[in-house]
Structure formats: C-alpha cells, structure tokens
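Read through the structure below, which is laid out as structure tokens, and then see the notes.
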There are 2 protein chains.
Amino acid sequence: MEPSQSMFAAASGKRLNSRAIAAAAGVSQATVSNVLNHPDVVSPATYEKVMAVMESLDFVPNRSARDLRAGGGSALGLIVLDISNPFWGELVRGAEEVAAAKGQPVIVCSSEQSAQKEEQFLRLLESHQVSAVLIAPVAPDSPALRGARRRGTRLVFLDHADTAEDVISVGVDDVKGARMAAEHLLSEGHRQVAFVNGPRSISACRDRARGFLGAYTGAGPDARVTEISVPAMTGREGMAAVEALLEVTPAVSAVFCANDMLALGVLRGLSRRGVKVPEQVSLVGYDDSEFAEVLSPALTTVRIDPFEIGRRAARVALDLSPEEAGASPVVLEPHLIVRESVLPRQA
Amino acid sequence: MEPSQSMFAAASGKRLNSRAIAAAAGVSQATVSNVLNHPDVVSPATYEKVMAVMESLDFVPNRSARDLRAGGGSALGLIVLDISNPFWGELVRGAEEVAAAKGQPVIVCSSEQSAQKEEQFLRLLESHQVSAVLIAPVAPDSPALRGARRRGTRLVFLDHADTAEDVISVGVDDVKGARMAAEHLLSEGHRQVAFVNGPRSISACRDRARGFLGAYTGAGPDARVTEISVPAMTGREGMAAVEALLEVTPAVSAVFCANDMLALGVLRGLSRRGVKVPEQVSLVGYDDSEFAEVLSPALTTVRIDPFEIGRRAARVALDLSPEEAGASPVVLEPHLIVRESVLPRQA
DNA sequence: TTGTAGGCGTTATCAG
DNA sequence: CTGATAACGCCTACAA
C-alpha cells in the first residue's frame, strides 16, 4: 500500500500545497510551479512524475497566494442593475463565457439600482483585486466611480453608449433602435401613437425616448407622440399604464413600450378592456425577450443582444480585443423583429 | 499643501498597502490592521488618526493577502443551471443579499447543464478558496462532487430536496407542489388531463412527475394523465408540444406544465389552433414567473420562491442558521396561485 | 533542467 | 495600547 491521498490528507492537518506535492514527487517547490506555469521548461520525465502526483493527490492550487504574488487578480467583477432580469442574466452569461476561457470566474453583484449598493460592491470587488469591473452604473458620474478609476481599477461601462469622457463602454445604440421602431410604425401609417417609457433617470430610457420622439418630430406636423412615464419597467406598471392609455385612445392607433415587460403588461391591460391587439391598437416592444415570440399576438419588438454585450465587454476588459481597446465606445446594432403585433392603420 | 493622496500615489509606483498607511499615520502596520479588524483594542485617538489617513488615501485592503493569511476564502461560490433564466437570477439575488451582509461577494457560474463545465467551475471556485459552494448539480452524484467534498469544500445543494446522503440541501417540495396542481384540477372536475414535462434527468422534473401522477393515480379509475415529455423547458418546446396535445384533445380537458415557460408556449400554440383557454382547455403552470399574472388569461400556477431558496442556502453555507446546519435538507413550501386559466370542467 | 531564497500584503503572536 | 516579527502558498530571479 503506497502513500495514498487519504494518508497524506490524514497525516497533515494542513491543506495540500505545492510544497507537499514537491515532497511527494521528490522535487523542489519551484519545479511544481514550473510544471503548472511553464511546462515547456521542465523535462518530460519530471513533468509526468509531478503531474501524476498532483492528480493522485487531487491538488488544487491556491489562487489567493498566486494573486498576491502576482500583484493582480484573477476574477472578473460585474455589477448589473438587476440579476433577476433575463436581460442581465444573458449579459452575465456572455461575460462568463469569455472570462472562463481565460480561467477567470465572474463575481456578480446586483446593485438593484441603489447607488449605495453600487459603491459598496465596487469596493468589495476592488478589495478582491478583480482584473476589471464591468458595470452598469446607476449614475454615470458618481464619486464612487471616480474613486475606483483613480485607484487604477479598470472599468468598462455596460449598456451605456455615452461617448462622454475617456470611459470605456459597450452598449447598444438605443437611439437608433427606438428610431427603427418609430419608422416601422410610421411606415404602417400610425401617425398618432403613445410611448410607454421607464424613468428618464435610466440612460437607456433617455436614449429610447430620444430616438422615438426624434423620429416622430421629423415626420411631419400631424405625427404626434403621447409619452407615458412609469416608475419601473415591469409588467405590472405596463398594466397600470393602460389607464392613461385609454384616455388617449382611439386617437392613438399604436403603442411603443420601452421594453417587452411593459409591452406584456399593456397587452394584458388592453385585452382586459376589450381592446384588440393588433386589430384596434398596434404594439411594439423592446429587448426581444424569450417570451416575445410566444405571445398572442407574437410581439413585434427591437432585438438587442445582451449576451453579445457581455462577451464584448469582457473581451475589452480582459484585453482580448486590442483593436477595441482604444476605440471606445463599442456600440452594437439593434434589430427590428417584425412579428404580428403591428397592423397597418385602418383608414 | 500637505502630502495628499495624489502625491503619495505618484511618489510610489506600488499599490497602496497597509504599510504605507502606517507610515503616513506614524504608527506600525499592526496598528493599522487592528484598526480594521479589532477596533476595540486600539485607543480612540489612534483610531481616528489612522481612519483619517485611510480615508484620505482611499485605502482598499487586499483580500488576496487576507485570505492567504487566514487560510480560507471570503467569497461565496454559486453554480446554477442557467443564469439567463429568471428563476436562477432570483436565487442569485437571495444568496447575494445574505453573502453581502457578511462582506462576501458571490462568484456565479452557469453550468448550462454541462457536467464538464460544472466540474471545471467547481475546481475554479475551489482554487479561489471560496468559503462554500451552492450548487444545482447536473447529476447529483458525479465524481467531481465527491472530489470536492473530499477536499473539504463545503457544498450546499440547490433545488434538490433529496434526502439521499449526508449532503446539505435547500429546495422546494416539488412533489407536493405538483400534487397541489393536480388536486386543484381534480377539484374542478378535470379527470383526463395532459402533463407537459421536461426531461426526467432533471430532478425537479422527476419530482413534479411523481407528485402529479401520484395524485391522479390515487383519484380513481377514470382519472388519467397523458405525459408529454419535451427536451427543454422553454416556450418553444411548449408550442411544439401542442402537436401531441391536439391528438389527445378533446378527451383531455386540462393541461399541467412543468414550468411557466412551457405553459406560455402551450397557451400560444393552442390559441393559434383556435383552442380557447380556459373555456375549452384549462391550463396550470409552475414557478409563478413574473409574466404569469400578466398573461391572458392570467396563469394559475404553483409559486415557488427562488429568492428564499438562495437566502436560506447562503445562510446555511455561511453558518448563519445553526439550527438548520444539522437538519438537512431544508425544504420550502410551494403555494398554489389560483388565477384565471382554470375553469370547472364542462359537463 | 532543477534547486534555493526572498517577498507579495495581511494578520496573529508576543514582547514592550 | 502599540510595535516588531513570522507565516500563509506561490512565483520568479538567480545560482548550481
């Protein structure tokens, strides 16, 4: 019976470290390190021997020590607005795919739109020496963010295509996306429409308003938009907005919602009141959530790709795309997905 | 002009550390550490002085060093099946709330139901010295999991109420939840029903099948369930299942789906074929997703609380609930949410 | 090719 | 109450 793993583990109360591996393999600690980090510099025989020992002892190196020694971190920080929203979930997946390929896990924080939590998480991530922080900022110019940057923390802004300062950002052109929705409605003859928007404090809402209202403003004197603002972009708020919506119906023949959840709520509210979509009122959403194509009627919406945003942001953060490193911001294209919820306006 | 932060930062090319703080405050490194970790043991005057310096210099301690010294980790690991699904997103939020209160961030990994990724992430988390791993296992008894436990990694199973071994687990009683759905349908007179289920390899699907079929089996000779199995629990698969569903309609007067996304797809598929819900076919979902109450008809479903699962699991993992530490597994109660998608069976 | 030695930033121990 | 010192596990010069 040779000295097996359990014997080793039992013998020493301490956790397995590279020194123990070295001892078991009859080499020095440095050689173990070389096997792990510079396999080319070690002889095949030694390599095999050390690898065998590591496997049989089930060795897992200690990142804290490695990071400390390296003076840097080996995890990617990520601060999103709401991890329970599939949009951000997809974004996390994208970031994770890229980070995992570089051997880095993703530390996810959900700020819940609280500036206080944002700051708290930011410091927590910094103390963990993350290699970078991808962040959807509650406010784009808080002291917390300034501080982080001053301390040398690498920051990548998400879903925030502002070309404001020297910040690196990856996002979608929401102005354009909303304009595409507007142009689609205009081309179907809808001159008087409603726009159910979230709070203007969210930059995405500002951009979508800019794009949508801009297109209608430029569409002639008879084109008019009634903007209805709700405090949160949820299905419930969408249903509540129907109250206000009915006051301007039937003058408006179509409704554009700042995201699909709002559109879902509006759809539900309207059908409760006996208003048929799209026969009486056309409806357009934003995001192309998973449920959009499966609604009745299937929702015409603007598709954005949070997975891709996450991927690109992580790439920039981890220096995998040098060509993008300088050219900030990275702006992705939205796509109009025409389904069944828009009909030409009845003359 | 006093020695300000920028001067310090500029003067030394190295990152700010506790030694620099000590020097700036005219105390020893150990005192700085005490200010941080044992404030009670340091004199108020010194405390204030050191704190002032730390704030003005914007000091963020290095966790890698702390963790290394402490011989443990200060982050919570979390492996979910699909981070883009709001169910898991909510669960992450719950875990994060608890962990953040203990100053620990959450490292999130999405296994995408791949055993290979699961193992890879598990090792990654272990190398990061996480204090524990909350995991929704792809398979409940893989060698990877055994290995992790052998290495002394603390594991908490999610959404997996098996009382199999000495594993700690936090989950929902899906057998009971599905039984509640069945009893509701039975009480409304639905004796012949269909059950659209996900793959049996997922333990939640097994449990839901057990509960639902069990209730019908015990409900008398005329009660019958047609089970339709689909490969993934998505809206698309739900729509596809309608094909098979129509073959057994109108014999079956109700459909139970293993989750809300499937129900959404079924709803859409049925309405496409001109089958009215709930007038012709009643429908029950599972999960109580955000969109459930906003559908037409509002979906009757079984509510489970992923946020609470995350909270409880993190508590157990971080030793905040000693009373639960021994009593594994923690099983949460599901709730039937009656809305509009079930009507008494027409005689 | 392999071994020796020093230090990354922090905390705990122990002496003053 | 405060300060000097050692150690955590690993990596990287440098020496052999």
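Below, chain A is the first sequence line, B the second, and so on; all start at residue 1.
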Spacing of [X] atom [atom1] relative to [N] atom [atom2], expressed in whole Å:
X        : N      : atom1 : atom2 : value
B:Asn34  : D:dT2  : CG    : C1'   : 8 Å
B:His128 : D:dC10 : NE2   : P     : 14 Å
A:Asn62  : C:dT10 : CG    : C1'   : 14 Å
B:Gln129 : C:dG9  : CD    : C1'   : 16 Å
A:Gln29  : C:dA5  : CD    : P     : 12 Å
A:Asn17  : D:dG9  : CG    : P     : 5 Å
B:Arg19  : C:dC8  : CZ    : P     : 6 Å

What nucleotide among [options] has an atom nearest to a side-chain atom of [X]?
X       : options               : answer
B:Ser28 : D:dA4, C:dT11, C:dT2  : D:dA4
A:Arg69 : C:dA12, C:dC8, C:dT2  : C:dC8
B:Pro61 : D:dC8, C:dT10, D:dT2  : C:dT10
B:His38 : C:dA12, C:dT11, C:dG9 : C:dA12
A:Ala30 : C:dG3, C:dT11, D:dC10 : C:dG3

_Testing the basics here: between A:Gln129 and B:Ser64, what is the closest heavy-atom pair and its distance to 0.1 Å?_
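Heavy-atom minimum between the residues: CG-OG, 3.7 Å.
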
*Can you name the nearest heavy-atom pair linking B:Ser169 to B:Pro329, along with the distance?*
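Where B:Ser169 meets B:Pro329 most closely, the heavy atoms are OG-CB, 2.8 Å.
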
*asked:* Which is more 5' along DNA chain D, the nucleotide nearest B:Val41 or the one nearest A:Val32? Just name the residue.
replied: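 Nearest-nucleotide comparison on DNA chain D picks B:Val41.
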
*B:Glu119 and B:Ser142: side chain donor to acceptor below 3.5 Å*: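 There is no such pair (donor and acceptor under 3.5 Å, judged by atom type) between the side chains of B:Glu119 and B:Ser142.
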
*Is a side-chain donor-acceptor pair under 3.5 Å present for B:Thr153 with B:Glu126?*
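Yes, B:Thr153 and B:Glu126 have a side-chain donor paired with an acceptor closer than 3.5 Å.
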
_Between the base of D:dC10 and the side chain of A:Arg66, is there a donor and acceptor pair under 3.5 angstrom?_
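Absent.
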
Tell me whether the side-chain N/O atoms of [X] come closer than 4.0 Å to OP1 or OP2 in [N].
X       : N      : result
A:Ser43 : C:dT2  : yes
A:Ser18 : D:dG9  : no
B:Asn37 : C:dT11 : yes

*Charged N to carboxylate O below 4.0 Å: is that the case for A:Glu96 and A:Arg93?*
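Salt bridge: no.
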
